[in-house]
Structures are given as structure tokens and as C-alpha cells.
Amino acid sequence: MNDVSQRVAIIGAGPAGLMAAQVLTQNGVGVDIFDAMPSMGRKFLMAGKSGLNITHAEDTQDFLSRYGENTRLQDMVANFGAQDIIAWMQELGIEPHTGPTGRVFPSMMKSSPLLRAWLVRLQEKGAQLHARHQWQGWNNAGELVFKTPTGVVNLKPAASVFALGGGSWKRLGSDGAWLDKFMEQGVSSAPFAPSNNGFIVDWSDRIRDEFAGHPIKSVQVSVGQQATRGEFVITRKGVESGAIYTVSASLREQLNAYGTATLLLDLLPDISEGVLGEKLQKPRGKLSLSNYLRKVTGLKGVKMALVYEGADKAALNDNDYLVRRLKALPLKVTSAAPLDEAISTIGGVQWSALDDGLMVKEKPGVFCAGEMIDWDAPTGGYLITACMATGRAAGLGVANWLKATSQIEA
Ligand SMILES: Cc1cc2nc3c(=O)[nH]c(=O)nc-3n(C[C@H](O)[C@H](O)[C@H](O)COP(=O)(O)OP(=O)(O)OC[C@H]3O[C@@H](n4cnc5c(N)ncnc54)[C@H](O)[C@@H]3O)c2cc1C
């Protein structure tokens, strides 16, 4: 390894850390990128398994509103948003593909070609990659302590960018173990909680055995005042994905307040209650209820099974009850799925602990980026966008700080 005292350590090789590394190399600063795993960017690769939704093409104000009231994050995303990410991909030789709802993907959908091109580019610019380097904390001399296959290594770089991710999908490297080390150093941090996560529903054996893995398409999902149109997936333990992630914050609120939560499904969102009521006036004749419903409403498969799930079977013969079931089918949610299964987590380093360049105020030369900072956003490309935007902000923060402290020429 070169003399690291003249270089910056990037710890964590996800989208946030790699973007910080890119900005620094572009500013002529040497970087060493460390990751605990045998290879870089494992969660980024997993995110591309069913299509890497890297950002979202929509009106800027709509885009920024996905980050709630977090104006500091909004400013960073305003300075590096969808158009910048698209241009950055193209610069790496990867064309974007924009889906009908504005979701932007790399044209080949997967992450691997993009990650490969990115790592090659970074190495061409002088970045050195160090896999299997697990950061363990700081020693008494303030050095970074790494566990490596050849033993413990202590390093004192010119500055460090921590981009260690949140606290889910531990097997991909983001195990959240860093949180205790930061808390021990007095860095204001909050415990992890799931975001964009699945929920537990106590399904009957029939739903569990016959329909786990099935998507429920074109439904409206409501929790309290929040409603969204879309699809989601039935799992053996409950529900996840798409529309469920969109309402996950409302579900968590209900769970926190009441111990359980109710998800209302409109199985036929394109038909009003009144029209449905009229359609169901049609005599059933000798048809079974399922055959009748199939004929009159077009419902089948998993949606039909849900009509019967936990229903008062006798009451299904009552049209008012049936209309309510089809338009506002209640699913009782008993808890959130385990933290480790969440697509993203909230919690981590508090914004109040960080200055405008994302440096820890109480630890000069220590910067943070990505999901390890406490912010929330829905799925749809907003997560990776924020990781890259904060990675860029931290990279610029380091470059400015190095200049200001005249440590190395940046
Ligand atoms: C299944 C799945 C699908 C997803 N799909 C999308 C999507 O389509 N669009 C989207 O916007 N978001 C998606 N996300 C979320 C997105 O992947 C994350 O928000 C993003 O990767 C976080 O980036 P990051 O750089 O902050 O951290 P990470 O990508 O988590 O990277 C952190 C890195 O730090 C390393 N590390 C952790 N601890 C240590 C340590 N002690 N020492 C050294 N290295 C360490 C890890 O090995 C890891 O490589 C998805 C997530 C999952 C799980």
C-alpha cells in the first residue's frame, strides 16, 4: 500500500463511497477504497438483480419532495440528481432506459456492467481497491483499525469517508456494526429501523402454500389517509414490495401506536362502489359465488382467494358486504418484517452531527455518506440517488477541507 498519510481512505464500496472516491480522484486526490467483503458493491449488485432502478425522471420539485422535509439532503440531490446520474452513466458507456412511470435503469437493467466500468475508471484514476478489509474502529492513536486476511492493519490517512451503509441484508456486507463504534466516540446516532420493508400477515395455509410469491397487480392499497395504486407480492410471512413499500411509513406509525395495523385493498380500483353494486344485482342463478364473481368482475386467482381469506362466508351472500370486501378488503398486519430483510433502513448518523461538507463536527477529517446517515426515501431510484448525492457532497467536503487545512494539494 502507498503512503496512506497522503491519501484519503474510503471505507465502504457502495454507491456512496464510490461516488466520494470519484469526486476525490477528479480533484487529484489519491484514494484507497476499503471494503469488508471479498468484492466491491455487493448490495449495489443485488439491487440490480430485478432491475437497477438508479434514479427517477420527473419534475424536480416532485423528485425533491420524496425526501420529505430534509432540506439538507434535498440541496445535495438538487446538486446531483436524475440528469446528473444519467449523464454519469452515459460517460461510463451505459445508456439509460426510462420506464413508463419514470423509473430510470441502465439499459441492460443489471448493475454488473455499470459497477465494472465504474471500478475500472476509478482504478485508471489511481484509486486502489482493498477488499477483505473490515474496519473495526479507531485505536487510541486515532488510527483506523482493519481486520485483513493477513492480520490487523492500522492506518492514518489524510482523511476518511465512511460509507458503510445501513443495517439490512447483512450478508451483502452492510451489517451496521459500525453504529456502536460511532456511538462510543460520541457521534450523535440513532438505532436502525426498517424502511421500505415487508410486513407480517397471518395468512391461512391456503394463501401461504398456494400463493406465496404471487404478485397482486393493479390494486389500490390504503393505510389511514394514505392510498397508492400499484402492485405488491404475497410472501409466506406476509406482504412486501412495490405499493407496500410506499405505505410502509404509515403502517409503521399504526403499528407503533396500536400494536397492529390495517391495510385496506381495493381489488377493483377502476370500478366505483356504486357501479359494482349495480353489477352485483345481476342474478347469480346456479353459479357458485366464485364463478359468478369471475363472470361479473373478472376477478380470479390470488385476488379471488383474498376475497375468501378470513371472510364471514355466510355474509358473502350479502351484496353490501361483498362490495365492501371487494373495495376495502382489510388485511391485519401484526408486525414489520425483520430489519435484515428491509430494502433500506433509517437511523444512523444524525444530520446535526455533520457539517455542510458532511464532516463529523467532533471528529475533524472524518466524513460520512450514503445510507449510514439518517434519512428516508421511498423506492423508485430515490435511495441510490441520495447515496450518490451524499457521496459527492462528502467527496467535495473532503477536497475543500484538505485545501483549507493545507494537508495535501487538492
Ligand atoms: C434487494 C435490494 C434491492 C434494492 N434495489 C434498489 C433500487 O432498485 N434502487 C434504489 O435506489 N435502491 C435500491 N436498494 C437500496 C440501495 O441498494 C441502498 O440504499 C444503497 O446500496 C446504499 O448505498 P451505500 O453506499 O450507502 O451503502 P451500501 O451499498 O450498503 O455499501 C456499504 C458498503 O460498506 C461495506 N462495509 C460495511 N461495514 C464495513 C466495515 N466495518 N468495514 C469495511 N466495509 C464495510 C459493505 O460491505 C458495503 O459494500 C435496494 C436494496 C436491496 C437490499
Side-chain angles (χ1 to χ4, degrees), residues 9-21 32-56 66 77 82 85 99 103-106 109-111 114-115 118-119 129-138 144-148 153 160-182 192 194-198 240-242 245 339-346 348-349 358 368-392 394:
I10 310 285
I11 308 140
L18 295 180
M19 185 48 76
D32 288 284
I33 304 172
F34 300 94
D35 201 286
M37 300 301 280
S39 61
M40 310 283 145
R42 293 217 166 173
K43 192 178 267 185
F44 189 66
L45 284 177
M46 174 58 80
K49 204 171 168 206
S50 53
L52 179 71
N53 183 193
I54 197 158
T55 191
H56 210 109
R66 312 299 175 190
V77 172
I85 290 179
R103 288 170 182 254
V104 179
F105 304 85
M109 302 305 276
K110 293 189 292 182
S111 311
L114 182 59
L115 181 63
W118 199 5
L119 292 174
L129 307 185
H130 307 278
R132 293 193 167 92
H133 277 61
Q134 187 185 46
W135 177 70
Q136 308 259 288
W138 291 275
L144 304 172
V145 179
F146 289 97
K147 187 174 153 199
T148 79
V153 174
S160 341
V161 178
F162 287 86
L164 300 171
S168 66
W169 288 66
K170 290 184 170 45
R171 68 190 167 86
L172 303 177
S174 328
D175 62 9
W178 58 266
L179 188 63
D180 288 345
K181 318 278 176 207
F182 272 63
F192 296 117
S195 178
N196 297 302
N197 53 302
E240 67 178 25
S241 175
Y245 295 159
L339 181 73
D340 196 47
E341 294 171 15
I343 292 295
S344 62
T345 54
I346 50 174
V349 177
L358 295 182
C368 297
E371 204 181 308
M372 68 182 285
I373 306 174
D374 190 10
W375 50 266
D376 199 11
T379 54
Y382 307 106
L383 297 166
I384 290 180
T385 300
C387 290
M388 294 177 83
T390 53
R392 176 179 175 274

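The residues of the chain are indexed from 1 along the displayed sequence. Just so you know, ligand 1 is whichever comes first in the structure, and atom 1 is the first atom listed for that ligand. Remember, it's a predicted structure, so these values are computed and weren't measured experimentally.
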Compare all side-chain heavy atoms of Phe182 with those of Cys368 and state whether any distance is below 4.5 angstrom. yes
Contact atoms of ligand 1, heavy-atom distance to Gly165 under 4.0 Å: 26 (O), 27 (O), 30 (O), 32 (C)
Atoms of ligand 1, numbered as shown, that sit under 4.0 Å from any heavy atom of Gly14: 25 (O), 29 (O), 31 (O)
Is ligand 1 less than 4.0 angstrom away from at least one heavy atom of Trp178? no
Specify the protein heavy atom at minimum distance from atom 6 (C) of ligand 1: its residue, its atom name, and the distance to 0.1 Å. Ala47 CB, 3.6 Å
Taking the side chain as everything from C-beta on, heavy atoms only, tell me whether Leu119 gets closer than 4.5 Å to Leu129. yes
Can you label the angle between the His130 ring and the Phe34 ring as parallel, tilted or perpendicular, going by 30° and 60°? parallel
For atom 45 (C) of ligand 1, grab the closest protein heavy atom and report residue, atom and distance to one decimal in Å. Leu164 CD2, 3.5 Å
Please state which protein non-hydrogen atom is closest to atom 47 (O) of ligand 1 and give its distance, to 0.1 Å? Asp35 OD1, 2.7 Å
Do the non-hydrogen side-chain atoms of Leu114 and Phe105 ever get within less than 4.5 Å of each other? no
What is the closest protein heavy atom to atom 37 (C) of ligand 1, and at what distance does it sit? Gly173 O, 3.1 Å
Would you find a donor on one side and an acceptor on the other, under 3.5 Å apart, between the side chain of Asp35 and the backbone of His133? no
Could you tell me whether the side chain of Leu115 reaches within less than 4.5 Å of the side chain of Leu18, counting heavy atoms only? yes
Can you pull out the closest protein heavy atom to atom 30 (O) of ligand 1? Residue, atom name and distance to 0.1 Å, please. Ser174 OG, 2.7 Å
Using heavy-atom distances, let me know which of Glu371, His56, Lys147 sits nearest atom 20 (C) of ligand 1. Glu371
Does any non-hydrogen side-chain atom of Ile343 lie less than 4.5 Å from one of Tyr245? yes
pair Ile384-Leu52: side-chain heavy atoms closer than 4.5 Å: yes
Answer yes or no for Pro15: is there a heavy-atom contact with ligand 1 below 4.0 Å? yes
Gap between atom CG of Asp175 and atom OG of Ser168 - 0.5 Å precision: 11.0 Å
Shortest heavy-atom approach to atom 50 (C) of ligand 1 - which of Ile11, Asp340, Ile343, Ile10: Ile343
Ligand 1 to Met37, heavy atom cutoff 4.0 Å, flagged ligand atoms 47 (O)
Would you mind running through ligand 1 and noting each atom that sits below 4.0 Å from a heavy atom of Lys43? 17 (O), 21 (O), 29 (O), 30 (O)
So, 4.0 Å and heavy atoms of Gly381: is ligand 1 close enough to count as a contact? yes
With atoms numbered from 1 as shown, which atoms in ligand 1 lie under 4.0 angstrom from a non-hydrogen atom of Asn53? 7 (C), 8 (O), 9 (N), 10 (C), 11 (O)
Checking heavy atoms under 4.0 Å, the part of Trp135 that sits near ligand 1 is both
Need the ligand 1 atom indices (1-based, order shown) with element for anything under 4.0 Å from a heavy-atom of Ala16. 25 (O), 26 (O)
With a 4.5 Å heavy-atom cut-off, do Phe146 and Gln134 have their side chains touching? no
Does the side chain of Asp374 reach to within under 4.5 Å of the side chain of Ile346, using non-hydrogen atoms? yes
Nearest heavy atom to atom 32 (C) of ligand 1: which of Gly12, Ser39, Ala163, Ala36 does it belong to? Ala163
Any side-chain donor paired with an acceptor under 3.5 Å for Thr345 and Ser195? no
Sub-3.5 Å donor-acceptor pair from the side chain of Trp178 to the main-chain atoms of Gly165, do we have one? yes
List every atom of ligand 1 that sits less than 4.0 Å from any heavy atom of Gly370, numbering the atoms from 1 in the order shown and giving each element. 26 (O)
So the atoms of ligand 1 within less than 4.0 Å of a heavy atom of Leu383 turn out to be 10 (C), 11 (O), 12 (N), 15 (C), 19 (O)
Which residue supplies the protein heavy atom nearest to atom 16 (C) of ligand 1, what is that atom called, and how far is it? Ile384 CG1, 4.0 Å
Under-4.0 Å heavy-atom contact with ligand 1, by part of His133 that carries it: backbone
